[in-house]
Amino acid sequence: MVSLSTTPFLPFTAKNASTRIPPPTSFSYSKQRSNRDPRKVVCACIAPPQNFKSQDSSAIHFNGSSKSEQLSTARDHEDDSDVLIECRDVYKSFGEKKILNGVSFKIKHGEAVGIIGPSGTGKSTVLKIIAGLLAPDKGEVYIRGKKRVGLVSDDDISGLRIGLVFQSAALFDSLTVRENVGFLLYEHSSMSEDQISELVTETLAAVGLKGVEDRLPSELSGGMKKRVALARSIICDTTKESIEPEVLLYDEPTAGLDPIASTVVEDLIRSVHIKGQDARGKPGNISSYVVVTHQHSTIKRAIDRLLFLHKGKIVWEGMTHEFTTSTNPIVQQVTRSCAGLSYRRGCSLDPGTNLIQLYWIGFFSVQVETDPIQLNSLHLGALMVLSDIRTVLQF
Ligand SMILES: Nc1ncnc2c1ncn2[C@@H]1O[C@H](COP(=O)(O)OP(=O)(O)OP(=O)(O)O)[C@@H](O)[C@H]1O
């Protein structure tokens, strides 16, 4: 089953009985239960990027000899038995706008993968294609070796659940935390309400939340909403004979968060992974995850392997620690910029806070705390915090 879970979320699925729409304000799960086709996409949302624009992606000159291309021959001989998801030569355009131009990569069992690249280069589009919410114009997506035809709702591929955690929090305002987290199970499982309630409590504990089941989203802090969102994306029907592995796709999970809140989310992402340990001290359930991010701390804390998307292709891939030592010209251009040679392409000051958000050549951002009184202007402020930023940018 490909189960797409939306976290603070507007769950959605497509036709053939699995489309889910937000319930009306008065909706209550104790009154409304249905057992429909369990195929679904659940999307958990975190904050949208703020004031973010690609500042200078034109400064990047793609050198056709990418590492991923160099590796392609070797990859052909790899053992693919542990590949959960594969995108093979995927193309996608929106109208006249060509976005993806032959994207190929594999996500293996146990991996923590990041997708980075300039703004607007198609990273979120890749996630939506993996999730089956968008169909590629050309190319294929394989789920555990089986080619997916069309969108997730058109197909009956089983063997993997895919959860999509969107940027912006979109919990159902009129539903309690319990109803939000248990949404999928109320809709699509045969579990009793008591069973669901117990599982919701257990799942909330896994993300470090206790005693919030009866609260409404409006009674939660931003950070708590994100935890609820994550709980919603990892909950699954435990009464089933076999529970399929799950891949979680996070779209900019730390965008708009202050440095401390970002760290909490990054550690949470790690903790629900099978190689991590959740807040109860138990191993996580998520087999693999993919994170789209601009945030340096997220790359550093939550990602093992990076895919670098540029001009519609994966132009480099490798382990996170290899990124700074890569000889790939485009990567070098990025890392030199991060080292301060071309340190600043944009910045913004969050109103009412002491956070400055800085952007590097359109795809890295770092938040630095400073005293607004020091700032004569945003530009001057960026210069003044430069030394701190260099420290922050150490991989
Ligand atoms: N449904 C759509 N219809 C038309 N254009 C779209 C659609 N979805 C995305 N786009 C366009 O495709 C391009 C890539 O969008 P996408 O959100 O995938 O980029 P991104 O790399 O994730 O950007 P960012 O880093 O800024 O979030 C953008 O120019 C966007 O406007």
Side-chain angles (χ1 to χ4, degrees), residues 4 6 10 12-14 41 43-60 62 85 87 90-105 113-139 141 150-153 162 164-170 248-257 262 265 289-299 302-303 306-317 330 334 337-338 345-348 357-367:
L4 302 176
T6 331
L10 288 175
F12 58 100
T13 37
V41 176
C43 304
C45 311
I46 298 184
Q50 294 173 349
N51 308 322
F52 187 81
K53 273 208 161 78
S54 175
Q55 296 290 322
D56 195 6
S57 58
S58 61
I60 301 166
F62 170 50
I85 296 172
C87 280
V90 164
Y91 286 74
K92 184 72 189 174
S93 297
F94 294 110
E96 296 293 299
K97 215 168 168 183
K98 291 188 172 132
I99 305 298
L100 304 180
N101 189 27
V103 167
S104 298
F105 61 87
V113 176
I115 303 180
I116 58 172
S119 190
T121 203
K123 301 179 296 296
S124 302
T125 302
V126 169
L127 290 193
K128 287 175 193 159
I129 287 175
I130 296 176
L133 300 175
L134 277 178
D137 298 337
K138 199 178 131 194
V141 176
L151 300 178
V152 63
S153 54
I162 299 177
L164 180 55
V165 184
F166 281 132
Q167 289 175 27
S168 59
L248 267 192
L249 312 173
Y250 298 93
D251 196 352
E252 302 200 36
T254 51
L257 292 180
S262 292
V265 170
Y289 60 83
V290 182
V291 184
V292 162
T293 187
H294 291 273
Q295 201 89 0
H296 181 270
S297 68
T298 308
I299 296 170
I303 294 169
L306 282 173
L307 306 175
F308 190 168
L309 185 65
H310 181 58
K311 294 192 174 170
K313 280 181 185 276
I314 303 292
V315 294
W316 184 87
E317 61 180 281
I330 185 173
V334 174
S337 299
C338 288
R345 298 291 175 177
C347 67
S348 65
Q357 182 88 37
L358 294 152
Y359 307 113
W360 276 262
I361 56 176
F363 56 90
F364 274 133
S365 68
V366 171
Q367 286 174 321

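Both ligands and their constituent atoms are indexed starting at 1 by order of listing. Residues take their numbers from the sequence shown, with the count starting at 1.
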Once salt bridge (charged side-chain N to carboxylate O under 4.0 Å, His left out) is applied, do any residues pair with K128, and if so which ones, sequence neighbours excluded? none
Side-chain contact test, heavy atoms from C-beta onward, threshold under 4.5 Å: evaluate it for V290 versus I85 and give yes or no. no
Assess K97 for proximity to ligand 1: is some non-hydrogen atom of it under 4.0 Å away? yes
Atoms in ligand 1 flagged as close to E252, the criterion being non-hydrogen separation under 4.0 Å: 24 (P), 25 (O), 27 (O)
Any N or O on T121 sitting closer than 3.5 Å to an N or O of ligand 1? yes
Which atoms from ligand 1 have a heavy atom of K123 less than 4.0 Å away? 18 (O), 19 (O), 20 (P), 21 (O), 22 (O), 23 (O), 24 (P), 25 (O)
At a non-hydrogen distance cut-off of under 4.0 Å, which region of T125 contacts ligand 1 (side chain, backbone, both, or neither)? both
When you measure from the heavy atoms of G95 to every atom of ligand 1, does any distance fall below 4.0 Å? no
Quick one: does G122 get an N or O within less than 3.5 Å of an N or O on ligand 1? yes
Counting both backbone and side chain atoms, is some N or O of G120 under 3.5 Å from an N or O of ligand 1? yes
May I ask you to decide if T293's main-chain N or O and Y250's side chain share a donor-acceptor pair within less than 3.5 Å? no
Would you indicate which of I129, I99, D251 comes nearest to atom 12 (O) of ligand 1 when only heavy atoms are counted? I99
Are any non-hydrogen side-chain atoms of F105 and V126 less than 4.5 angstrom apart? yes
Has the side chain of K123 got a donor or acceptor atom that lies under 3.5 Å from a matching backbone atom of G117? yes
Restricting to heavy atoms, the pick from P118, S124, S119, G312 nearest atom 26 (O) of ligand 1 would be S119
Strictly distance-based, threshold 3.5 Å: is any side-chain N or O of D137 a donor or acceptor partner for the main-chain N or O of S93? yes
Proximal atoms of ligand 1 relative to H294 (non-hydrogen, under 4.0 Å): 24 (P), 25 (O)
So N101 and Y91, do their side chains get closer than 4.5 Å, heavy atoms only? yes
For T298, give me all partners under side-chain hydrogen bond (donor to acceptor under 3.5 Å, both in side chains), at least two apart in sequence or on another chain. T254, E266
